[in-house]
Undergrad: 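Pasting a structure below so you can have a look.
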Amino acid sequence: MTENVSMIIAVVPRLTTIENNLDILFLIIMGMCIVFMQCGFAFLEAGAVRSKNTTNILIKNVMDLFISGVSYWLFGFAFAFGDGGEADKFIGLKYFASHSLPHRQYAMFFFQFTFAATASTIVSGAVAERCEFVAYFVYSVFITGFIYPVVTHWAWSSGGWLTVGDSYAALNNEVVAYQDFAGSGVVHVLGGIAALIGAIMLGPRLGRFHRSSNTVATIRGHSVPIAALGGFILFFGFLAFNGGSQLTISNSGDGEALARAVVNTVISGSFAAFMSLILNRLRVFGNTWSLLVTINGALTGMVAICAGCNVYEPYAACVVGLIAAIVFRTYSLLMIKLGIDDPLDAVAVHFGGGSWGLIAVAFFDSKEGILYAGNLKSGYKLGWQCIGLAAIVAWTASLSCLVFGLLRCFKILRVPREEEEKGLDIPKHNEPAYPVEAYGHGHIERLIQILENNPTVVTQGFENMAFEREITDKGPYENPESRHVVVNGSSEKAKPIDKPGISHNGITITVNNTKL
């Protein structure tokens with residue numbers, strides 16, 4: 001008997017070590033999967049912009065990771081998870097540059113760093129194709145180094161005011177607090193609001209909105225396949241993003257909670273994708289079966305489920321996803337109505353999906369939700385979700401206005417008009433993403449090369465012969481298929497010509513029956 005007791009005593013420390021190592025390994029693997037989401041964001045954004053801005057958007061997504069690595073290590077983690085002393089309800093003030101951070105917490109640092117990088121990346125899509133590179137550095141440092149970490153401390157640190165909540169006499173001094181398991185508010189609402197402020201401060205891309213004629217030009221991305229690849233990678237990453245938020249895997253019930261989070265993420269994303277696809281088939285939304293809208297709808301469903309994916313029943317995830325799709329399409333249309341240019345629909349996906357997700361958890365929490373408990377405490381819970389949402393919006397909006405406003409005042413927020421028209425790849429980076437024939441106005445440049453051989457007439461047609469019915473191009477593309485051109489900031493109808501004419505130098509170029 002004594003020998004057995006001695007063996008048990010000897011084994012217990014080893015079991016504890018194994019449990020700790022499993023938890024660390026779990027965070028590292030989940031964090032690595034979330035890092036791969038940066039690849040997804042990069043491809044999604046690259047495919048959604050024009051070819052002349054591909055390198056620019058890619059380098060911004062690459063640098064998101066490394067800017068976060070610097071700023072979150074120096075300041076962010078300390079503000080987010082350090083002990084703040086008397087200020088602990090608001091901000092942490094320990095572990096700057098990992099000073100005195102216990103080694104066992106390094107895995108936690110790595111996992112939380114990946115979330116900070118995600119919050120910053122959301123903004124780059126909304127300001128794509130017109131934001132100065134220096135401005136991008138500045139706002140990324142502020143978001144990952146201060147704006148996001150403070151909100152993280154509120155909601156996820158043990159001493160944060162949203163985590164602590166409050167006790168109420170009407171509930172026999174029970175405590176009610178804000179709930180956000182995987183970051184519907186902390187990551188996505190924050191990133192969406194910062195993206196909204198950035199898009200407003202920058203203004204729309206040239207040719208996007210035409211006030212005089214009250215028309216909106218569709219500026220299409222250059223590669224649907226690349227954008228779709230990015231969407232697939234993000235779908236994969238979201239499983240780790242939401243499942244990994246369990247933070248441990250060695251405790252009783254961790255495995256079940258992880259599985260529940262992943263399954264609910266799949267269900268919500270799936271139903272949101274289907275609903276988005278169907279909604280866009282309606283005439284009011286677009287009257288097409290859109291791949292890109294379906295991808296963004298699925299992402300919105302996965303964003304919305306973040307807040308309560310560990311406490312929902314599967315049917316609730318279905319409802320959350322369906323409503324998330326409606327919210328996404330509504331916000332997307334609203335942005336256009338307000339004249340705000342968001343090339344990636346980042347605001348609709350992240351702010352729209354995140355805000356709905358925060359409210360939904362108050363209703364569908366399988367233990368304390370209004371639809372389950374239906375008591376006073378669940379009502380207080382809804383109040384705390386609204387308080388958390390309002391606090392995140394107010395904090396992020398005010399500081400984002402300050403950052404983007406200062407950048408605008410110093411005239412380093414938006415690229416010059418000439419550079420925006422030419423595209424940012426060559427003027428800013430001297431690294432075109434594609435050969436000249438495919439770059440920006442590449443077709444035009446190809447025709448100019450042909451003209452060096454001094455032909456009399458050059459004709460290039462793009463008539464659609466594959467369909468019996470007429471296909472109307474909603475353009476404008478920045479290539480000869482475009483039926484509109486941007487002239488001095490406004491869109492003017494290109495004049496059709498019945499037959500080739502002769503220009504002043506004896507050369508006429510006709511593209512798609514339009515004189516260039």
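For the numbers below, each heavy atom of this structure counts, side chains included, while hydrogens, waters and symmetry mates do not.
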Undergrad: Side chain of S167, backbone of V175: donor and acceptor closer than 3.5 Å?
TA: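 A pair under 3.5 Å: no.
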Undergrad: For V319 and F271, what are the C-alpha separation, side-chain angles and deciding distance, and is it a side chain to side chain contact (heavy atoms under 4.5 Å, CB included)?
TA: CA-CA 8 Å; V319 176; F271 277 88; over 6 Å; no
Undergrad: Do the side chain of R414 and the main chain of G203 share a donor and acceptor less than 3.5 angstrom apart?
TA: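 Flag set: sc R414 to bb G203 pair under 3.5 Å.
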Undergrad: Report the C-alpha distance between F133 and F137 in whole Å, list the side-chain angles of each, state the deciding distance to 0.1 Å, and finish with yes or no for ring pair (Phe, Tyr, Trp, His ring centres under 6.0 Å).
TA: CA-CA 7 Å; F133 202 57; F137 273 107; 4.9 Å; yes
Undergrad: Within a strict 4.5 Å, meaning less than it, do heavy atoms of the Y148 and T396 side chains meet?
TA: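 Y148 does not reach T396 side chain to side chain.
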Undergrad: Can you confirm whether more than 12 heavy atoms, excluding those of F364, are under 6.0 Å from its CZ atom?
TA: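 Yes, because the 6.0 Å sphere around CZ of F364 holds more than 12 heavy atoms from other groups.
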Undergrad: Assess whether side chain to side chain contact (heavy atoms under 4.5 Å, CB included) is satisfied between M63 and F66, documenting all intermediate values.
TA: CA-CA 5 Å; M63 291 307 300; F66 301 128; 4.3 Å; yes
Undergrad: Start with the C-alpha gap between V303 and W356, add the side-chain angles, then the distance that decides, and say whether side chain to side chain contact (heavy atoms under 4.5 Å, CB included) holds.
TA: CA-CA 9 Å; V303 166; W356 158 239; over 6 Å; no
Undergrad: Is there a donor-acceptor pair closer than 3.5 Å between any side-chain N or O of W156 and the backbone N or O of D180?
TA: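 Yes, the answer is positive, given that a donor and an acceptor are paired below the 3.5 Å cut-off.
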Undergrad: Which distance, rounded to the nearest 0.5 Å, do you find between the CG of L44 and the CG of L292?
TA: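 Taking CG in L44 and CG in L292, the distance rounds to 7.5 Å.
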Undergrad: Should D341 and R205 count as an ion pair when the cut-off is N to O under 4.0 Å?
TA: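 R205 and D341: salt-bridged.
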Undergrad: Side-chain contact, heavy-atom cut-off 4.5 Å: S270 with F235?
TA: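 S270 vs F235: side chains apart.
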Undergrad: Please answer whether the main-chain N or O of A217 pairs with a side-chain N or O of R208 as donor and acceptor at a distance below 3.5 Å.
TA: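 Flag set: sc R208 to bb A217 pair under 3.5 Å.
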Undergrad: Counting heavy atoms not belonging to F410, are there more than 12 under 6.0 Å from its CZ?
TA: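 No, the 6.0 Å shell around CZ holds no more than 12 heavy atoms from other groups.
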Undergrad: Can you classify the ring geometry of F146 versus W395 as parallel (below 30°), tilted (30 to 60°) or perpendicular (above 60°)?
TA: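 Tilted: the ring planes of F146 and W395 meet at 30° to 60°.
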Undergrad: Nearest 0.5 angstrom please: N21 CG to S250 OG, how far?
TA: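 If we round to the nearest 0.5 Å, N21:CG and S250:OG are 10.0 Å apart.
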Undergrad: Any idea which heavy atoms bring N61 and Q38 closest together, and the distance?
TA: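 Heavy atoms only, the tightest pair is O-OE1, 3.8 Å.
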Undergrad: Which of these passes side-chain contact (heavy atoms from CB on, under 4.5 Å) with T55: I426, N430, L424, D425?
TA: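 That would be D425.
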Undergrad: Taking the side chain as every heavy atom from C-beta outward, state whether N296 and L299 have any atom pair closer than 4.5 Å.
TA: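 Touching, per the 4.5 Å side-chain cut-off.
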Undergrad: For V262 versus L239, what's the shortest heavy-atom pair and its separation?
TA: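 It is CG2-O, 3.8 Å.
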Undergrad: Which pairs count as ring-ring contact (aromatic ring centres under 6.0 Å, His included) when at least one residue sits in residues 24-45, sequence neighbours excluded?
TA: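 Every candidate ring-ring contact (aromatic ring centres under 6.0 Å, His included) pair involving residues 24-45 fails, so no pair, neighbours aside, qualifies.
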Undergrad: State plainly whether the residues K428 and E132 are in salt-bridge range, i.e. N to O under 4.0 Å.
TA: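 Yes, this pair counts.
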Undergrad: Check for a donor-acceptor pair, side chain of Q385 on one end and backbone N or O of I359 on the other, with a separation under 3.5 Å.
TA: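 Absent.
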Undergrad: So M335 and S332, do their side chains get closer than 4.5 Å, heavy atoms only?
TA: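 The answer is no; the side chains never approach within 4.5 Å.
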Undergrad: Is it the case that over 12 heavy atoms from other parts of the model lie below 6.0 angstrom from the CZ atom of R408?
TA: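 No, not enclosed.
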Undergrad: Above 12 or not: heavy atoms from other molecules or residues under 6.0 Å from CZ of F181?
TA: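 Counting neighbours around CZ of F181, more than 12 heavy atoms of other residues, nucleotides or ligands fall under 6.0 Å, so yes.
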Undergrad: Take the angle between the ring planes of Y168 and Y380 and call it parallel below 30°, perpendicular above 60°, tilted in between.
TA: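 Taking Y380 first and then Y168, their aromatic rings sit tilted (interplane angle of 30° to 60°).
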Undergrad: Would you say the side-chain atoms of H222 pair up with the backbone N or O of A46, donor to acceptor, closer than 3.5 Å?
TA: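 Looks like yes, one N/O pair under 3.5 Å.
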Undergrad: Using atom types as modelled and distance alone, determine if a side-chain donor or acceptor of Q179 lies under 3.5 Å from a backbone N or O of A362.
TA: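 No, Q179 side chain to A362 backbone: no donor-acceptor pair under 3.5 Å.
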Undergrad: With heavy-atom distances below 4.5 Å as the criterion, would you say the side chains of F351 and I122 are in contact?
TA: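 With C-beta onward as the side chain, the pair stays apart.
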Undergrad: Which distance, rounded to the nearest 0.5 Å, do you find between the CG of D23 and the CD1 of I28?
TA: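 If we round to the nearest 0.5 Å, D23:CG and I28:CD1 are 12.0 Å apart.
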Undergrad: Between C401 and I197, what is the shortest heavy-atom contact and its length?
TA: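 It is N-CG2, 3.7 Å.
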Undergrad: Drop me the distance from R417's CZ to L206's CG, to the nearest 0.5 angstrom.
TA: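 The CZ atom of R417 sits 5.0 Å away from the CG atom of L206.
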Undergrad: Is the closest side-chain heavy-atom distance between L389 and V189 below 4.5 Å?
TA: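 L389 reaches V189 side chain to side chain.
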Undergrad: May I ask you to check whether F113 and F77 place their ring centres under 6.0 Å from each other?
TA: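 No; F113 has its ring centre 6.0 Å or more from that of F77.
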Undergrad: Going by atom types alone, do S124 and E45 pair a side-chain donor with an acceptor below 3.5 Å?
TA: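 Yes.
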Undergrad: To the closest 0.5 Å, what do you measure between NE2 (H350) and CG (L196)?
TA: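 Spacing of NE2 (H350) from CG (L196) equals 13.0 Å.
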Undergrad: Rounded at 0.5 Å granularity, tell me how far CG in D365 sits from CG in L382.
TA: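 These two atoms lie 12.0 Å from each other.
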Undergrad: Does a sphere of radius 6.0 Å around CZ in F232 hold more than 12 heavy atoms from other residues, nucleotides or ligands, not counting ones at 6.0 Å or beyond?
TA: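 Incorrect, the count does not exceed 12.
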Undergrad: Tell me if a side-chain donor or acceptor on T163 pairs with a main-chain N or O of W154 at a distance below 3.5 Å.
TA: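 Looks like yes, one N/O pair under 3.5 Å.
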Undergrad: Do you see a donor-acceptor pair shorter than 3.5 Å between the side chains of Y136 and D64?
TA: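 There is such a pair (donor and acceptor under 3.5 Å, judged by atom type) between the side chains of Y136 and D64.
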Undergrad: Show, in sequence, the C-alpha distance, side-chain angles and deciding distance for L27 and Q112, and conclude whether the side chain to side chain contact (heavy atoms under 4.5 Å, CB included) test is met.
TA: CA-CA 9 Å; L27 286 177; Q112 295 298 336; over 6 Å; no
Undergrad: Check whether any side-chain N or O of T114 sits under 3.5 Å from a backbone N or O of F111 as a donor-acceptor pair, and report yes or no.
TA: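 Flag set: sc T114 to bb F111 pair under 3.5 Å.
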Undergrad: Within a strict 4.5 Å, meaning less than it, do heavy atoms of the S355 and Y331 side chains meet?
TA: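 They are in contact (side-chain heavy atoms under 4.5 Å apart), so the answer is yes.
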Undergrad: Taking the six-membered ring for Trp, are F241 and F238 ring centroids under 6.0 Å apart?
TA: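 Between F238 and F241, which both carry aromatic rings, the centre distance is below 6.0 Å.
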Undergrad: Indicate yes or no: at least one non-hydrogen side-chain atom of L202 is less than 4.5 angstrom from one of C131.
TA: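 The answer is yes, as the side chains (C-beta and beyond) meet within the 4.5 Å cut-off.
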Undergrad: Give me the atom names and distance for the closest heavy-atom approach of F328 to S276.
TA: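 For F328 versus S276, the nearest heavy atoms are CD2-OG, 4.0 Å.
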Undergrad: Report yes or no: does S268 contribute a side-chain atom to a donor-acceptor pair with the main-chain N or O of G301 at less than 3.5 Å?
TA: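 Indeed, once roles are kept as given, a pair shorter than 3.5 Å links the two residues.
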Undergrad: Do you know the tightest heavy-atom contact between L258 and G244?
TA: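 Between these two residues, the closest heavy atoms are CD1-N, 4.5 Å.
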Undergrad: What heavy-atom pair brings G243 and A261 nearest, and what distance separates the two atoms?
TA: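 It is CA-CB, 4.2 Å.
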Undergrad: After noting the C-alpha distance and the side-chain angles of F75 and Y72, does the key distance pass the ring pair (Phe, Tyr, Trp, His ring centres under 6.0 Å) rule?
TA: CA-CA 5 Å; F75 313 108; Y72 199 72; over 10 Å; no
